[in-house]
Amino acid sequence: MSEKRIGPEFKALGNIMKRYFESASSLKYVKSITGENTFILSYLAKNADEPIYQKDIEKRFSITRSTTSNVLSLMEKKHLIKRMPVENDKRLKQIVLTDEAKTLHADIVKEIEHFETTMRRGFKEEEVDKLLSFIDRIKTNLEEAQKGIEGDKDHV
């Protein structure tokens with residue numbers, strides 16, 4: 001096995017990505033927006049024509065129920081989202097953007113497009129496709145390992 005480890009590289013990349021969004025020039029005036037919030041806001045805006053629930057955000061961003069709940073609670077306090085009761089199931093709450101968040105979305109889209117362009121600089125499209133397939137494989141490996149760990153806990 002190579003001495004270079006994948007985990008610390010992903011952690012470092014995640015930290016760089018977070019700092020990028022936290023210092024994004026067009027978003028500096030919005031103290032309530034973090035990198036994590038921008039991804040969720042963009043996801044909600046792109047899927048505004050269909051109902052989105054907490055479980056959808058958990059699945060899309062591979063985050064736990066408690067983390068998602070905390071993030072959404074903070075976003076609600078910042079007036080970025082509303083949790084709307086669903087008529088046929090009062091236990092479900094649909095996650096929707098506020099008007100304030102919708103006005104911020106255009107700036108966020110510009111930043112994300114710039115971010116993607118910056119990350120892809122110097123890569124051929126085939127290289128990006130290959131990188132994404134490697135990332136998908138790593139995610140699958142970790143998800144399967146996590147299921148195994150959780151399964152082992154059930155048998156104790």
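Worth saying up front: this structure is predicted, and the values here are computed from it rather than measured. Just so you know, residue 1 is the first one in the sequence shown, and it goes up from there.
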Let me see the working for H114 and Y20 under side chain to side chain contact (heavy atoms under 4.5 Å, CB included), right down to the final yes or no.
CA-CA 11 Å; H114 184 262; Y20 174 92; 2.7 Å; yes

Are R120 and E116 close enough, and set up right, to give a salt bridge (charged side-chain N to carboxylate O under 4.0 Å, His left out), and what steps lead you there?
CA-CA 6 Å; R120 290 171 178 253; E116 270 297 311; 2.9 Å; yes

With rounding to the nearest 0.5 angstrom, report the CD1 to CG distance, I57 to L44.
5.0 Å

If you group Ile, Leu, Val, Met, Phe, Trp and Tyr whenever their side-chain heavy atoms sit less than 4.5 Å apart, what else falls in with V96?
M84

State, yes or no, whether a side-chain contact exists between E143 and S62 at a heavy-atom distance under 4.5 Å.
yes

Could you grab the distance from atom NZ of K93 to atom NZ of K82, nearest 0.5 Å is fine?
14.0 Å

Please answer whether the main-chain N or O of Y43 pairs with a side-chain N or O of N47 as donor and acceptor at a distance below 3.5 Å.
yes

Under 4.5 Å between any side-chain heavy atoms of F39 and R60, yes or no?
no

In terms of hydrophobic clusters joined by side-chain contacts under 4.5 Å, are V128 and L131 together?
no

Same cluster (ILVMFWY, side-chain, under 4.5 Å), F115 and I16:
no

On a heavy-atom basis, the closest approach of L97 and A101 is CD2-CB, 4.0 Å

Could you check R83 against L72 for side chain to side chain contact (heavy atoms under 4.5 Å, CB included), going step by step and ending with a plain yes or no?
CA-CA 9 Å; R83 297 186 214 207; L72 293 177; 3.4 Å; yes

Would you check, one step at a time, whether the test side chain to side chain contact (heavy atoms under 4.5 Å, CB included) holds for I95 with Y53?
CA-CA 6 Å; I95 312 297; Y53 305 99; 5.5 Å; no

L80 side chain near I40 side chain, heavy-atom distance below 4.5 Å
no

For R65, is there any backbone N or O sitting under 3.5 Å from a side-chain donor or acceptor partner on Q54?
yes

Quick check for you: to the nearest 0.5 Å, what is the distance between S69 atom OG and E76 atom CD?
9.5 Å

Can you tell me how far the CG atom of L41 sits from the CE atom of M75, to the nearest 0.5 Å?
4.0 Å

Do the side chains of F134 and M17 join up, straight or via other hydrophobic residues, at under 4.5 Å, putting them in one cluster?
no

Quick check on E50: does its CD atom have over 12 non-hydrogen neighbours (other residues, nucleotides or ligands) under 6.0 Å away?
yes

Of all the heavy-atom pairs spanning Q94 and P51, show the shortest one and how long it is.
NE2-CA, 3.5 Å

Smallest heavy-atom separation, K130 atom then S133 atom, equals O-OG, 2.8 Å

Looking at L132, I want to see if its CG is surrounded by more than 12 non-hydrogen atoms of other residues, nucleotides or ligands under 6.0 Å.
yes

For the atom pair CZ (F61) and OG1 (T68), what is the distance rounded to the nearest 0.5 Å?
9.5 Å

Work out which heavy atom in S42 is nearest to a heavy atom in H105; give both atom names and the distance.
CA-NE2, 3.8 Å

For E100, does its backbone N or O pair with a side-chain atom of T103 as donor and acceptor, under 3.5 Å?
yes

Just do the side chain to side chain contact (heavy atoms under 4.5 Å, CB included) check on T117 and R121 with the steps written out, would you?
CA-CA 6 Å; T117 300; R121 192 177 311 135; 6.0 Å; no

Roughly how far, to the nearest 0.5 Å, is the CG atom of L142 from the CD atom of E144?
9.5 Å

